[in-house]
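Letters A, B, ... are given to chains in the order of the sequence lines, protein chains preceding strands, and every chain is numbered from 1. Computation of the quantities below employed the complete heavy-atom set of this structure, encompassing side-chain atoms and omitting hydrogens, waters and symmetry-equivalent molecules.
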Amino acid sequence: MPELPEVETMVRGLRPALLGRKLRRLEVLDPSLIQVGSAAELSRHGRGATVLDVGRRGKWVVMTLADSRGIIVIQPRMTGGFWLLKPERPDHIRLTFHLDKPRAIVWYCDTRRLGKIAWYRDAQDAECAFERSQGPDALEIGRDQLAERLSRTGRGIKPTLMDQKVLAGIGNIYADEVLHQARIHPERGARNLSTVELDRLHRAISEILQTAIALEGSSFDAGYRTVLGLEGGFLAQNAVYGRENLPCRSCSTPILKTKILGLIGRPTYYCPRCQTR
DNA sequence: CGGTTACCCTGGATGC
DNA sequence: TGCATCCAGGGTAACC
């Protein structure tokens with residue numbers, strides 16, 4: 001579910017609740033989500049551990065435990081998310097963080113159970129895992145580095161932007177928003193962009209993601225919410241995603257919804273006038 | 001090897 | 001109301 005802005009919003013919400021806090025207990029309710037490590041290791045190292053840091057790599061949440069208790073990595077994927085201060089017990093809890101002094105609870109829930117949980121012994125192990133499956137973070141990649149990575153594939157620009165090994169953090173919503181702002185058609189070849197288009201694309205990635213973070217991400221239906229249960233504000237002002245047949249905010253041409261090669265069933269929204277082939 | 005598809009899950013919306 | 005179908009923001013394994 002969440003892309004980079006939603007995961008960043010989760011992390012910012014978790015920090016005040018977790019940083020420096022001691023875990024009385026880490027309760028694993030669904031061991032099948034654990035991809036690396038085991039429920040026993042998570043419980044053993046979580047018990048009594050202090051949370052040293054909560055951060056993000058691409059779409060992954062990274063929790064560092066003090067005193068060599070290891071690193072917990074959570075990939076929320078489509079429907080994973082955290083709850084703080086929820087009065088009633090939510091559905092589909094997969095992990096419960098029981099905090100000590102004062103006692104409090106942080107829930108990690110995942111309706112569809114597509115998300116993954118991993119425990120690594122140390123930062124180096126976690127770093128290896130990250131580098132195996134992720135390219136540079138979308139907020140940190142440089143313009144020339146982006147150009148170089150896009151030139152290495154024969155695919156279209158949209159599936160390439162969504163490939164986490166090329167750059168980490170962009171999914172289906174923000175790929176469409178970024179391409180609209182950069183005025184690039186989603187079916188253009190990733191390696192065929194002009195210098196000017198690459199400049200616009202690099203700038204759009206940064207600006208769209210920063211704007212979305214400032215608005216606490218994108219919410220619709222029963223999907224992503226902030227850790228406090230609030231909806232993100234980005235989809236109230238976005239350019240194309242979910243706006244089929246509505247007028248483009250730049251030129252008033254109706255937004256098109258299509259399916260494109262390389263992206264199985266996912267929808268793509270774009271403006272046929274602003275985004276030419 | 002690079003690119004494309006099937007599939008992992010569940011719940012809500014829609015259509016008959 | 002009941003049942004079937006479709007759809008969803010992600011990612012990986014298997015296939016061509």
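- In this structure, dT4(B) and dA14(C) make a Watson-Crick or G-U wobble pair, each of the two defining distances being under 3.5 angstrom.
- Y174(A) comes within 4.0 angstrom of nothing in the nucleic acid, heavy atoms only.
- Between K59(A) and E6(A), no side-chain nitrogen of the basic residue sits less than 4.0 Å from a carboxylate oxygen of the acidic one, so the salt-bridge criterion is not met.
- dA6(B) and dC6(C): their P atoms are spaced 15 Å apart (whole Å).
- For P267(A), the listed nucleotide lying nearest its side chain is dA8(C); candidates were dC9(B), dA8(C), dT10(B).
- Considering only the side chain of I173(A), dG9(C) comes nearest among dG3(B), dG9(C), dT10(B).
- In this structure, the CD1 atom of I208(A) is 16 Å from the C1' atom of dG9(C), given to the nearest Å.
- Rounded to whole angstrom, the span from the CZ atom of R155(A) across to the P atom of dC16(C) amounts to 20 Å.
- Under the Watson-Crick and G-U wobble criteria, each requiring two contacts below 3.5 Å, nucleotide dG9(C) is left unpaired.
- The residues E216(A) and R12(A) are annotated as not salt-bridged, no charged nitrogen and carboxylate oxygen being separated by less than 4.0 angstrom.
- Using a 4.5 Å cut-off on side-chain heavy atoms (C-beta onward), L179(A) and R188(A) make no contact.
- Atom CD1 of I34(A) and atom P of dC8(B) are 21 Å apart (whole Å).
- The distance between atom CD of E244(A) and atom P of dC7(C), rounded to the nearest whole Å, is 12 Å.
- Put simply, CG on L161(A) is 15 Å from C1' on dG9(C), counting in whole angstrom units.
- Within the 4.5 Å cutoff, no side-chain heavy atoms of V36(A) are placed close to those of V73(A).
- In terms of phosphate contacts, H92(A) brings no side-chain nitrogen or oxygen within less than 4.0 Å of OP1 or OP2 of dC9(B).
- A close approach under 4.0 Å does occur between a side-chain nitrogen or oxygen of K59(A) and OP1 or OP2 of dG11(C).
- The side chain of L261(A) approaches dT4(B) more closely than any other nucleotide in the set dG11(B), dC9(B), dT4(B).
- Regarding R113(A), its CZ atom lies at a distance of 5 Å from the P atom of dT10(B), rounded to whole Å.
- For the side-chain hydrogen bond (donor to acceptor under 3.5 Å, both in side chains) criterion with Q181(A), the lone passing option out of R200(A), R203(A), E207(A) is E207(A).
- Among dA8(C), dT12(C), dT10(B), the nucleotide with an atom closest to any side-chain atom of S133(A) is dT12(C).
- The nearest whole Å value for the distance from the CG atom in L150(A) to the C1' atom in dG3(B) is 16 Å.
- In this entry the distance linking CD1 of I170(A) with C1' of dG9(C) reads 13 Å, nearest Å.
- In this structure, G115(A) reaches neither bases nor backbone, as no heavy-atom distance under 4.0 Å exists between it and the strands shown.
- Of the options Y174(A), Y270(A), Y269(A), a ring pair (Phe, Tyr, Trp, His ring centres under 6.0 Å) to Y241(A) is made by Y269(A) and by none of the others.
- Heavy atoms of T153(A) sit under 4.0 angstrom from primed sugar atoms or phosphate atoms, though from no base atom.
- The residue P159(A) sits apart from the nucleic acid: no heavy atom pair falls under 4.0 Å.
- For R112(A) against dC9(B), a side-chain-to-base donor-acceptor contact under 3.5 Å is present.
- When the P atom is compared between dA14(C) and dC9(B), the two are found 15 Å apart, to the nearest whole Å.
- Between dG9(C), dA8(C), dC9(B), one nucleotide has an atom nearer to the side chain of K257(A) than all others, and that is dA8(C).
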